Amino acid sequence: MSKLEQFRDETRAWLEANCPQSMRVTLHSFEDIYSGGRNPEIKHPDQKLWCDRMAERGWTVPHWPKEYGGGGLSGEEVKVLRQEMARINAQPPLESFGISMLGPALLKFGSEAQKQEHLPPIARGEIRWCQGYSEPNAGSDLASLQTRAVDKGDYYLINGQKIWTSYADKSDWIFCLVRTDSSGSKHEGISFVLFDMDAPEITTRPIKLISGNSPFCETFFDNAKAYKRNLIGEEGKGWTIAKYLLTHEREMISSFGAAPRESLAEAAIEAFGSDASGRLANGVLRQSLAQYQLDAMAFSATMARVRDEAKAGQGLGAASSIFKYYGTELNKRRNELNVALNGEAALGWEGEAYEGGRLCRDWLRSKGNSIEGGTSEIQLNIISKRVLGLPDA
Amino acid sequence: MTLVLNEEQLMLKDSAAGFLAQKASVSHLRALRDSNSSSGFDPAVWRAMVDMGWAGIAIPEAFGGLGYGYTGLGLVLEQIGRHLSSSPLEATVLVAATLINELGTEAQKEQWLSAIAAGNCQMTLALQEGKHHAPERTALMAVPKGAGYRLNGSKQFVLDASTAQYFLVVARSAGEVGEGDALSVFIVPADTKGLRIEARSMVDSRAAGVLHLDAVQLGVEALLGEAGQARQALERSLDIANIGLAAQLLGLSLEAFERSLTYLKERKQFGQLIGSFQALQHRAAKMFAELELARSIVLQALQAIDQGGDGLSLLASAAKAKLCEVAELVSNEAVQMHGGIGMTDEHDIGLFLKRARVLQHSFGDYNYHLNRFAQLKGY
Ligand SMILES: Cc1cc2nc3c(=O)[nH]c(=O)nc-3n(C[C@H](O)[C@H](O)[C@H](O)COP(=O)(O)OP(=O)(O)OC[C@H]3O[C@@H](n4cnc5c(N)ncnc54)[C@H](O)[C@@H]3O)c2cc1C
């Protein structure tokens, strides 16, 4: 038996023994995954147990090094673990901006002390993080951000406002872009700092989305403190870190475009019927469904190809630049199809008959996918300029 | 007839725009929504609309209406679309009055149309049974019983269900599901024994609901027109209704487009107006082109109703399919071009997205009507 097969057997047995039955159900949405923190939102009592058991083995972040709370697994082993989890339909034990965004940035740019301090609590789901990038006048043009940080010896005094800060009201710490110097070009003088949100100088105001939920906030800093030991990288050189982190955010968001969980075709046949040869009765819908499914298939294949190329040491190909753009546009298409397939049932807003407006609210929420993490337009600009080498206007 | 509006029509359009901006604008919709209004509209506004004659715009003068025709009603509906106004105008005037006019006996028209024109009667069509519009698959049976009929079944997505005083219930009086023939329409008062109305909360904040009919016993006088003869009149009424909804979608799309255009000229990023980016300019220009096509097909279809003659179904499906396509494009682009703020409930642009999809799905969406268009074209 190869080492990998042995790993598979052990993993299978361990998951069988340790994954609670209640955690073996398909989650409807990304937002239902446990996200930890000092005051975790518990949607099911077993969530914390499942997270703790996985964290003990480092499997909430299986690819991180062991010394920072990870599992120290190889790429192949991580794949096996994912497959074995999928086999029993185990839900992810923990998902957070700490895992998907800050972690990778700290692993690359953090000092040893910073990694020791911040990574293990992320891996154990003890501290929940939010992302303080966007400001009212710095959205697509993120580098023009104005939140000021003034040097006060062993800390920075921070004043300004962030906006669209997802989960700011539920998070413990923030990774934040601040301006430490405004004398140079806008990309210079930006610093990447971390600080605790549990302070009276920081206030958050939830903003309601068109889907009726309030996942994001306005965040105000009125003489907030960020200690210098939590400055990541050099002062004034935060833009490079910010961009690196964005590539991880975009990868996470683009995965929404991966092949859907529910079968759209079944729903279509059920709603519209089929003719004698099994064709969906409505020819127009049949075509758009087929087009969507084909593109979703080709997109998944592209993600797999790019990953395999990277694993084979060929580097991250140019194709990865399309992920965020294509994945989110696909997810929006899927949601529009869901509305077309479910008609009246997808337009219900509240009440049991509509499961609280689940389909409708998902559809509305999906519109934000091509805005958050850098809009589709910005992604296309990046492809045009950096990948295709097209000249500026 | 030429594809231009006459002076009378232009005046009607302007006065509708003025009134709605003041009394039934997007901020009124927001206030209605936040007050959890169960009726979904403001009765005082409806009264004012009636006083301006809107309830009888398309009703013949002989029955107490203004006799302006559907082109006139379409112009008002376009303005309703722009302002996302809520009122019984669609359910009672566009749909129910039309069906009575197309199917009712002279005496029934006399009775109901004059009541509707005077604003004394709210009525709504109860047709759809599943998640989708499929009149040919009507399953609710009207079984002859005693001196009349007994109805059992349920109806979905009934607009204004909680305020309507009467329902026009479509039932099958013979034949199998899947056959279009042998449909009958019954006028059923809301307080009829065995009728239960279940209010439903929809994304666009108008009132809709489900109608449950449990052994509802009706006399023959409840029949609109003749038993089993409703198919043709129902089809023509639905064509008219879809053209009216297309007019409303046109107004909605124009407004969402113009608001986005304004935003492109206000919002700055990278030290310049976002409207100066060619990527957005071209998309705005393409939407403008689509909207011009949309205007034409809607006007052509509205005029075709008033002219009479064959071929209305093709125009109706053309207008509805095109406007579903354009409204979906524009309402999505509108949110995207607003960036983060477009995703917030505080901003109005998302309300256009919500109303658009409900209108699109009322009486057949894009897929339904494009498919029907192809069938009517013979392929
Ligand atoms: C659901 C959601 C969650 C979010 N979560 C977070 C978070 O946790 N933390 C955080 O910091 N931010 C977050 N954001 C903010 C997000 O990153 C910004 O909304 C986004 O970068 C766009 O900025 P903006 O909203 O200012 O739009 P703008 O930049 O004003 O854009 C408006 C429109 O102009 C277009 N545009 C702008 N520049 C160009 C150009 N050069 N060429 C062509 N078109 C252009 C845009 O694509 C867009 O269509 C979130 C946003 C959403 C919707």
Side-chain angles (χ1 to χ4, degrees), chain A residues 134 136-144 163-164 186 207-214 216 270-273 281-288 332 336 339-351 353-354 357 360-361 363-365 367-368 370-372 375-378 380-381 384 393, chain B residues 128 130-134 137 156-157 178 198-205 208 210 267-272 274 276-280 283 321 328 332 335-347 349-351 353-354 357-358 360-362 365-375:
Chain A
S134 307
N137 289 313
S140 295
D141 182 15
L142 179 61
S144 62
I163 195 167
W164 323 130
K186 66 181 180 182
I207 310 172
K208 210 194 253 187
L209 280 179
I210 54 175
S211 59
N213 306 325
S214 302
F216 61 17
E270 193 192 307
F272 296 93
N282 185 305
V284 180
L285 186 61
R286 180 171 185 259
Q287 169 149 1
S288 46
K332 290 197 298 180
E336 286 292 354
V339 174
L341 290 178
N342 290 289
E344 177 264 348
L347 299 169
W349 181 247
E350 267 171 347
Y354 301 122
C360 185
R361 291 165 192 260
W363 161 69
L364 288 164
R365 176 63 183 83
K367 301 298 173 201
S370 51
I371 297 171
E372 59 201 305
T375 66
S376 279
E377 290 75 16
I378 294 303
L380 293 173
N381 284 347
S384 313
Chain B
Q128 188 169 318
K131 297 174 181 175
H132 299 275
H133 174 73
R137 291 178 51 185
Q156 307 275 332
F157 207 23
E198 185 196 334
R200 289 279 174 92
S201 150
M202 309 301 291
V203 66
D204 72 339
S205 309
V210 178
R267 171 72 172 167
K268 276 190 176 170
Q269 283 290 276
F270 303 100
Q272 56 196 107
I274 57 172
S276 67
F277 298 124
Q278 217 161 51
L280 300 185
R283 272 155 53 195
E328 187 160 319
N332 282 339
V335 170
Q336 179 68 22
M337 288 184 174
H338 278 80
I341 200 141
M343 281 301 290
T344 64
D345 182 67
E346 265 163 83
H347 199 282
I349 204 72
L351 297 172
L353 183 69
K354 294 175 178 181
R357 287 305 176 284
V358 176
Q360 286 169 238
H361 278 270
S362 303
D365 69 343
Y366 174 78
N367 294 317
Y368 179 89
H369 285 286
L370 196 63
N371 200 51
R372 182 169 181 256
F373 178 87
Q375 274 166 5

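Model, not experiment: these values are computed from the prediction. First the proteins, then the strands, lettered A, B, ... as listed; each starts at 1.
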Visitor: Picking from A:Thr375, A:Leu341, A:Asn342, which has the most non-hydrogen pairs under 4.5 angstrom with chain B?
Guide: A:Asn342

Visitor: Please look at A:Phe272 and chain B and tell me whether the side chain, the backbone, both or neither of the residue comes under 4.5 angstrom of a heavy atom of that chain.
Guide: both

Visitor: For A:Ile371 and B:Gly339, which heavy atoms make the closest approach, and how far apart are they?
Guide: CD1-O, 3.5 Å

Visitor: Side-chain contact test, heavy atoms from C-beta onward, threshold under 4.5 Å: evaluate it for A:Glu377 versus B:Met337 and give yes or no.
Guide: no

Visitor: Specify which of A:Ser140, A:Gly351, A:Pro136 makes the most heavy-atom pairs with chain B at under 4.5 Å.
Guide: A:Ser140

Visitor: So, using salt bridge (charged side-chain N to carboxylate O under 4.0 Å, His left out) as the criterion, who are the partners of B:Glu198 when residues are at least two apart?
Guide: B:Arg200

Visitor: With a 4.5 Å cut-off on heavy-atom pairs, point out which of A:Ser134, A:Ala340, A:Ser214 contacts chain B the most.
Guide: A:Ala340

Visitor: Sub-3.5 Å donor-acceptor pair from the side chain of B:Asn367 to the main-chain atoms of A:Asn282, do we have one?
Guide: no

Visitor: Roughly how far apart are A:Trp349 CH2 and B:Ser205 OG, rounded to 0.5 Å?
Guide: 8.0 Å

Visitor: What part of B:Asn332 lies closer than 4.5 angstrom to a heavy atom of chain A: side chain, backbone, both or neither?
Guide: side chain

Visitor: At a heavy-atom separation under 4.5 Å, does B:Arg372 approach chain A through its side chain, its backbone, both, or neither?
Guide: neither

Visitor: Decide yes or no for B:Leu353 and A:Trp363: does some side-chain heavy atom of the first lie under 4.5 Å from some side-chain heavy atom of the second?
Guide: yes

Visitor: Could you tell me whether the side chain of A:Asp141 reaches within less than 4.5 Å of the side chain of B:Lys268, counting heavy atoms only?
Guide: no

Visitor: Chain B heavy atoms under 4.5 Å from A:Ser376: which part of the residue, side chain, backbone, both or neither?
Guide: both

Visitor: Side chain from CB out, backbone as N, CA, C, O: work out which of these in A:Glu336 comes under 4.5 Å of a heavy atom of chain B, or both, or neither.
Guide: side chain

Visitor: Considering all heavy atoms of both residues, which atom of B:Thr344 and which atom of A:Phe216 are nearest to each other, and what is their separation?
Guide: CG2-CZ, 4.1 Å

Visitor: A:Arg286, A:Glu372, A:Lys208, A:Gln287: which one forms the most heavy-atom pairs within less than 4.5 Å of chain B?
Guide: A:Lys208

Visitor: Which bit of B:Gln278 comes within less than 4.5 Å of chain A, counting heavy atoms only: side chain, backbone, both or neither?
Guide: neither

Visitor: When heavy-atom pairs shorter than 4.5 Å are enumerated against chain A, which of B:Gly340, B:Gly350, B:Gly271 gives the highest number?
Guide: B:Gly340

Visitor: CG of B:Asp365 to CG of A:Leu285: how many Å apart, nearest 0.5 Å?
Guide: 8.0 Å

Visitor: Select one option (side chain, backbone, both, neither) describing which atoms of A:Ser144 are under 4.5 Å from chain B's heavy atoms.
Guide: neither

Visitor: Taking every heavy-atom pair that is under 4.5 Å apart, which of A:Arg365, A:Glu344, A:Lys332, A:Lys186 has the most such pairs with chain B?
Guide: A:Glu344

Visitor: Check each atom of B:Gln269 against the heavy atoms of chain A and say whether the ones under 4.5 Å are side chain, backbone, both or neither.
Guide: both

Visitor: Is A:Ala143 in contact with chain B via its backbone, its side chain, both, or neither, using a 4.5 Å heavy-atom distance?
Guide: neither

Visitor: Compare every heavy atom of B:Val203 with every heavy atom of A:Leu364, then report the nearest pair and how far apart it is.
Guide: CD1-CG2, 4.0 Å

Visitor: Of all the heavy-atom pairs spanning B:Gln336 and A:Ser370, show the shortest one and how long it is.
Guide: OE1-OG, 2.7 Å

Visitor: Is it the side chain or the backbone of B:Leu351 that comes within 4.5 Å of chain A heavy atoms, both, or neither?
Guide: neither

Visitor: To the nearest 0.5 Å, tell me how far B:Met202 CE sits from A:Leu347 CG.
Guide: 5.0 Å

Visitor: Quick one: pull up NE2 in B:His347 and CD1 in A:Ile207 and give me the separation to the nearest 0.5 Å.
Guide: 12.5 Å

Visitor: Shortest non-hydrogen contact from B:Lys354 to A:Ile210?
Guide: NZ-O, 2.8 Å

Visitor: Can you tell me how far NE2 of B:His338 sits from NZ of A:Lys367, rounded to the nearest 0.5 angstrom?
Guide: 15.5 Å

Visitor: What are the two closest non-hydrogen atoms of B:Asn371 and A:Val284, and how far apart are they?
Guide: N-CG2, 3.6 Å

Visitor: Out of curiosity, B:Phe277 CZ to A:Ile378 CD1, how far, rounded to the nearest 0.5 Å?
Guide: 7.0 Å

Visitor: Measure distances from A:Asn137 to the heavy atoms of chain B and classify the residue's part below 4.5 Å as side chain, backbone, both or neither.
Guide: both

Visitor: Checking B:Glu328 against chain A: side chain, backbone, both or neither under 4.5 Å from a heavy atom?
Guide: side chain

